[in-house]
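Just the heavy atoms: all of them, side chains too, but no hydrogens, waters or symmetry mates, feed the values below. Per chain, numbering begins at 1; letters A, B, ... match sequence-line order.
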Amino acid sequence: MPGSPESDTMAALSTADIRPANPSAVEQEVIELFDQWREPLLRYLSSGTSVAFSDSEDIIQETFLALFEHLRRGKSRHNLRGWLFRVAHNLARKQYRSRQDSKNIPQSTLAIEDSLVDPGPNPEDQLATSQTKRCLRAILQALPEQNRWCLYLRAEGLRYREIAEVLGMSLGSVSLCLERSLARIARAEW
Amino acid sequence: MLAPNGEFVRSEQSHLSDQELLLAVDGELSEREAGPALAHLATCWACLARKQEIEAAIGDFMRLHRGNLGRNIPPPEGPRALLKAQLAQLAQTERPPWFRGFSLRPALAIVLAAFGLGLIAYLISAPWTVRQTTRLVAVTVPNPSLTPGATVLVSREEVCRESNTKNKAVPVAVQRAVFDEYGIRTAEPRAYEVDYLITPALGGADDIRNLWPQSYKATDWNAEVKDALEDHLRDLVCDGKLDLATAQHEISTNWIEAYKKYFHTDRPLSRHR
């Protein structure tokens, strides 16, 4: 998202590698970042990863508490956007694994998005739109999870290098995952 | 074709791969790659059409992604209030950062070590006093690191629609876990109510982070007094005089201060004790 207010803010943050003056300043900064990034993180966690929508808020709270500790200890401010997505992603994976271990599988992304669908303006449009959406959701569900993560991270404005850092992948792999996912969507007939 | 440095090398006549087209769409080609790619696109309708297919796929995906979730994301006030409360508690309970990095000079280290040994000796000689103090604090207000409070996604209408405001019983195993957390395993269970910090009647979650052992009789500020506050806040929320997020924030930050504020008193009212 070059040139957008979000990317400008992140660029400013990454250059300002200054030790925080006091905890209340850090607290204020964390709240500002929460206001800026809660919604993108919520979208990514509830759609891109396999955690239930209701658990996403908890993961975000935990992520920003970790950010508070990170900043308060004077650690690096380089690319805080990538840092937030990486921590949230790892917490989501951890939770998903622990739920799988206890055989308590959360609601699927498909079901979550179905429950949140905003009905179309009239019945015909609604039918056509919902068929397209159902088809698209089925494609997204069938994607390998790494491809899906890349797609949803890119949708939230992360550059390829940031996605590579969040997921611990090479730049080439990110590009390949995105290309394959979009090719799959483009080939679909609805 | 991919060069050893990871860049694409091409002649003007060769078509762009899907990957190159996507990199071009996303502005991820290097300056050296972008020139020939754009020059080729300007002359090749086949590649231009494939580029538009990629853009259309991005459009389809984004419409689904933003359209469905964007309009239904819950408002930020409640989660922001909860985060603020947790940050305030974390800031109070943790050591400041300057202390962590403090480098002790040897002489000062010896003095502090001697002081530490003296303190340990004192604690060993008076264990009951220390435990009693800890216990008193734990049962009056929750320990913020153990009980920061947790909420579920619920609207004011849903909260007020629920006619039964009585908290559901906390399972014995969970109660035991709460007592363990607070280090009061040997306490008389009937002296405590394992209580929700944010009552479910105000959208509090059924989660151990929202549970703490509150004494009925140990202090003036006991479980019955807090129950009165919960009922009063819910009435205010449902009468439209207080928003739900504020009620959740007030009760999770410091319920005693909230009681004083909403009942205009410094001490619990006699009808609530």
With a 4.5 angstrom heavy-atom cut-off, which part of Arg50(B) approaches chain A: side chain, backbone, both or neither?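 Neither part.
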Check this for me: Arg156(B), atom CZ, are more than 12 non-hydrogen atoms of other residues, nucleotides or ligands nearer than 6.0 Å?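 Correct, the count exceeds 12.
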With a 4.0 Å cut-off on N to O distance, would you call Glu156(A) and Arg66(B) a salt bridge?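 Yes, charged N to carboxylate O under 4.0 Å.
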Regarding Asp26(B) and Arg154(A), does a basic nitrogen lie under 4.0 Å from an acidic carboxylate oxygen?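 So Asp26(B) pairs with Arg154(A) through a salt bridge.
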Quick check: closest heavy atoms across [X] and [Y], and the distance to 0.1 Å?
X	Y	result
Gly27(B)	Arg159(A)	O-NH2, 3.2 Å
Gln19(B)	Gly172(A)	NE2-O, 3.8 Å
Phe34(A)	Pro76(B)	CE2-O, 4.4 Å

Gap between atom [atom2] of [Y] and atom [atom1] of [X] - 0.5 Å precision:
X	Y	atom1	atom2	value
Glu29(A)	Leu87(B)	CD	CG	11.5 Å
Glu55(B)	Leu182(A)	CD	CG	11.0 Å
Glu179(A)	Leu23(B)	CD	CG	9.0 Å
Leu83(B)	Glu62(A)	CG	CD	12.0 Å
Tyr44(A)	His65(B)	OH	NE2	10.5 Å
Leu82(B)	Gln61(A)	CG	CD	4.0 Å

In terms of heavy-atom pairs under 4.5 Å with chain A, which of [options] leads?
options	value
Pro148(B), Ala56(B), Pro79(B), Ala57(B)	Pro79(B)
Pro74(B), Ala150(B), Ala205(B)	Pro74(B)
Glu53(B), Met62(B), Glu28(B)	Glu28(B)

Side chains of Ser175(A) and Leu22(B), heavy atoms from C-beta outward: is any pair under 4.5 Å?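 No; the side chains remain at least 4.5 Å from each other.
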Using a 4.5 Å cut-off on heavy atoms from C-beta on, say whether the side chain of Phe61(B) contacts that of Leu140(A).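 Leu140(A) vs Phe61(B): side chains touch.
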Considering only heavy atoms and a distance below 4.5 Å, find which of Ile60(A), Asp35(A), Leu171(A), Val30(A) pairs most often with chain B.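 It is Asp35(A).
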Taking every heavy-atom pair that is under 4.5 Å apart, which of Asp58(A), Leu176(A), Ile31(A), Leu178(A) has the most such pairs with chain B?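 Answer, by heavy-atom pair count under 4.5 Å with chain B: Ile31(A).
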Interchain contact, Glu57(A) with chain B, by part (heavy-atom threshold 4.5 Å):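 Contact with chain B involves the side chain of Glu57(A) alone.
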Against chain B, label Tyr160(A) side chain, backbone, both or neither, depending on which of its atoms sit under 4.5 Å from a heavy atom there.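 Interface part for Tyr160(A): both.
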